[in-house]
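Structure first, commentary second.
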Amino acid sequence: EFHRGDFSGRINYIAQRVRHEDGRPLGYLFLYNPDVPASVQTLMVRGNRPMYERMAALVEPRTRPGAILFGDLEASGTLSRQLPSVAYCRLIRALRGELESEVGRRGGILGKHAGDGVTAFFLSEQLGSDAEAAAAALETALAFPRLTEETASALSADDLPVKPRGIRLNVGAHWGATVFVGQIAAEGRLEVTALGDEVNEAARIQQSARHGRVLGSKALLERLTVDGPTEMGIDPARLEYEPLESLEGVTEKAIRDAGHLPVVDLHEHLGRAALA
């Protein structure tokens, strides 16, 4: 039985006494191995190792500033009824795989799975600064719609009844200065969760996005440097925000929790910049 702090479990080990060729004792060699079958170990070591290491660094829950990203498949309930279960399962698996890989590539951490979406956090302490955390989250957010379209197109090309134009991911990105972030280890899973008003606000921003829009909050975008357009093409000094409550189709819940927040449609902004 192995115990260290909050961690406990069973391990196997072999101990071997090591001696010099003349018989003098040199010490002991211990070989440790988890007390699980190889098939289970294979599942445990799958995935993005750097992301696991970032998750492992969050053993102690505490306030950690960073960017919050929510993405959710639009009209997923309708899609699940329209598509055969096999096709819908392949869509969700493929889409999550692409989105989660992008989060890992940008230095983010995946949050708890909810429905048919993805939650991610980009922490300043892990990415080097507030500006780098904000940039990583925004780059990921802007990549999500493209990855969604590419995933749907690939499945359609494989003769599945998936219509790429009908598969859209709505994205919301926000900044959390006082987010309480920590690790949750439970039976069968290891997750990172974040608590606080700003997490709730980020969820409302995402829920207010429609038709594959990417909404970013002023609080997040003003973490970027203002020396000119970023590599993404976003110029923080030329953004024009509007209150969340003024967007079409915003729910009463979103207005109550985050209606006052200034947000911008990043795709629309980038489209205007390209025309200019």
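Starting from 1, each residue takes its place in the sequence as its number.
Taking a 6.0 Å sphere around CD of Glu1, one finds it holds more than 12 heavy atoms contributed by other residues, nucleotides or ligands. Atom CD of Glu149 has 12 or fewer neighbouring heavy atoms from other residues, nucleotides or ligands inside a 6.0 Å radius. Atom CZ of Arg165 sits in a sparse spot, with 12 or fewer heavy atoms from other residues, nucleotides or ligands closer than 6.0 Å.
Under the 4.5 Å side-chain heavy-atom criterion for ILVMFWY residues, no single connected hydrophobic cluster contains both Ile205 and Leu270. Side-chain heavy atoms closer than 4.5 Å link hydrophobic residues (I, L, V, M, F, W, Y) into clusters, and following such links, possibly through other members, connects Val171 to Ile92. Cluster membership for Leu195 and Trp175, using ILVMFWY side-chain heavy atoms within less than 4.5 angstrom, is not shared. By the criterion of side-chain heavy atoms lying less than 4.5 angstrom apart, applied directly or through intervening Ile, Leu, Val, Met, Phe, Trp or Tyr residues, Leu215 is not grouped with Leu169; the two fall into different hydrophobic clusters. Cluster annotation: Val250 is not connected to Val264 through the hydrophobic network of ILVMFWY side chains, with a link wherever side-chain heavy atoms come within less than 4.5 Å.
Annotation: side chain of Leu138 is in contact with side chain of Leu224 (closest heavy-atom distance under 4.5 Å). Using a 4.5 Å heavy-atom threshold, the side chains of Glu201 and Arg204 count as separate. Using a 4.5 Å cut-off on side-chain heavy atoms (C-beta onward), His174 and Leu261 make contact. Side-chain contact between Leu91 and Leu160 is absent, with no heavy-atom pair separated by less than 4.5 Å. Contact of the His20 side chain with the Leu26 side chain is registered, since non-hydrogen atoms from C-beta on lie closer than 4.5 Å. With a 4.5 Å cut-off on side-chain heavy atoms, Val214 and Phe144 do not count as touching. The side-chain heavy atoms of Ser124 and Asp130, taken from C-beta on, include a pair separated by under 4.5 Å. Side-chain contact between Thr151 and Val162: absent, with no pair of heavy atoms (C-beta onward) separated by less than 4.5 Å.
When each of Asp257, Ile255, Val263 is checked for a side chain to side chain contact (heavy atoms under 4.5 Å, CB included) with Leu244, only Val263 meets the rule. Of the options Thr178, Val181, Val179, a side chain to side chain contact (heavy atoms under 4.5 Å, CB included) to Arg64 is made by Val181 and by none of the others.
Shortest non-hydrogen contact noted between Ala202 and Ile68 is CB-CG2, 3.7 Å. Here the closest non-hydrogen pair linking Pro262 and Tyr241 is CB-CB, 3.8 Å. Pairing each heavy atom of Ser101 with each of Gly97, the nearest pair is OG-O, 2.8 Å. Residues Leu69 and Phe122 share a closest heavy-atom pair of CD2-CE1, 4.0 Å. In terms of heavy atoms, Gly77 sits closest to Ser80 at O-OG, 2.7 Å. The minimum heavy-atom distance linking Ala67 with Ala133 is given by the pair CB-O, 3.9 Å.
Without hydrogens or angle criteria, Glu139 side chain to Arg106 main chain gives no donor-acceptor distance under 3.5 Å. Arg146 places no side-chain N or O within 3.5 Å of a backbone atom of Leu142 that could act as its donor or acceptor partner. Distance alone, capped at 3.5 Å, places no donor-acceptor pair between the Arg213 side chain and the His267 backbone. A donor-acceptor pair under 3.5 Å links the side-chain atoms of Arg210 to the main chain of Gly249, judged by distance alone. Under the 3.5 Å distance criterion, the side-chain polar atoms of Glu198 are matched with a main-chain donor or acceptor of Ala177. The backbone N or O of Gly212 sits less than 3.5 Å from a side-chain atom of Asn170, completing a donor-acceptor pair.
Separation of atoms OG1 (Thr148) and CG (Leu95) is listed at 4.5 Å; rounding is to 0.5 Å. If you take OG on Ser153 and CG on Asp158, they are separated by 12.5 Å, rounding to the nearest 0.5 Å. Between the CD1 atom in Ile109 and the CG atom in Leu127 there is a gap of 8.5 Å [rounded to 0.5 Å]. In this structure, the separation between CZ on Arg90 and OG on Ser85 is 14.0 Å, given to the nearest 0.5 Å. If you take OG1 on Thr119 and CD on Glu100, they are separated by 10.0 Å, rounding to the nearest 0.5 Å. Distance CG/Leu147 to OG1/Thr140: 9.5 Å, rounded to 0.5 Å.
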- Message: With salt bridge (charged side-chain N to carboxylate O under 4.0 Å, His left out) as the criterion, how do Glu102 and Arg105 come out once you've worked through the C-alpha distance, each side chain's angles and the decisive distance to 0.1 Å?
- Response: CA-CA 5 Å; Glu102 185 69 13; Arg105 191 171 71 85; 3.0 Å; yes

- Message: Does Val103 form a side chain to side chain contact (heavy atoms under 4.5 Å, CB included) with Met51? I'd like the steps, not just the answer.
- Response: CA-CA 9 Å; Val103 171; Met51 186 187 298; 4.2 Å; yes

- Given the rule in the side chain to side chain contact (heavy atoms under 4.5 Å, CB included) test, do Glu242 and Leu247 qualify, once you have shown the distances and angles that lead to the verdict? CA-CA 8 Å; Glu242 57 184 323; Leu247 299 179; 3.4 Å; yes

- Please walk me through it: do Leu58 and Glu125 pass side chain to side chain contact (heavy atoms under 4.5 Å, CB included)? CA-CA 11 Å; Leu58 304 177; Glu125 67 182 55; 4.3 Å; yes

Cut-off 3.5 Å, no hydrogens considered: what does the side-chain donor-acceptor table look like for residues 27-36, sequence neighbours left out?
from	atom 1	to	atom 2	distance (Å)
Asp35	OD1	Asn12	ND2	3.3
Asp35	OD2	Arg10	NE	3.2

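Residues Arg49 and Glu53 are paired through a salt bridge, judged by an N-O separation under 4.0 Å between the basic side chain and the carboxylate.
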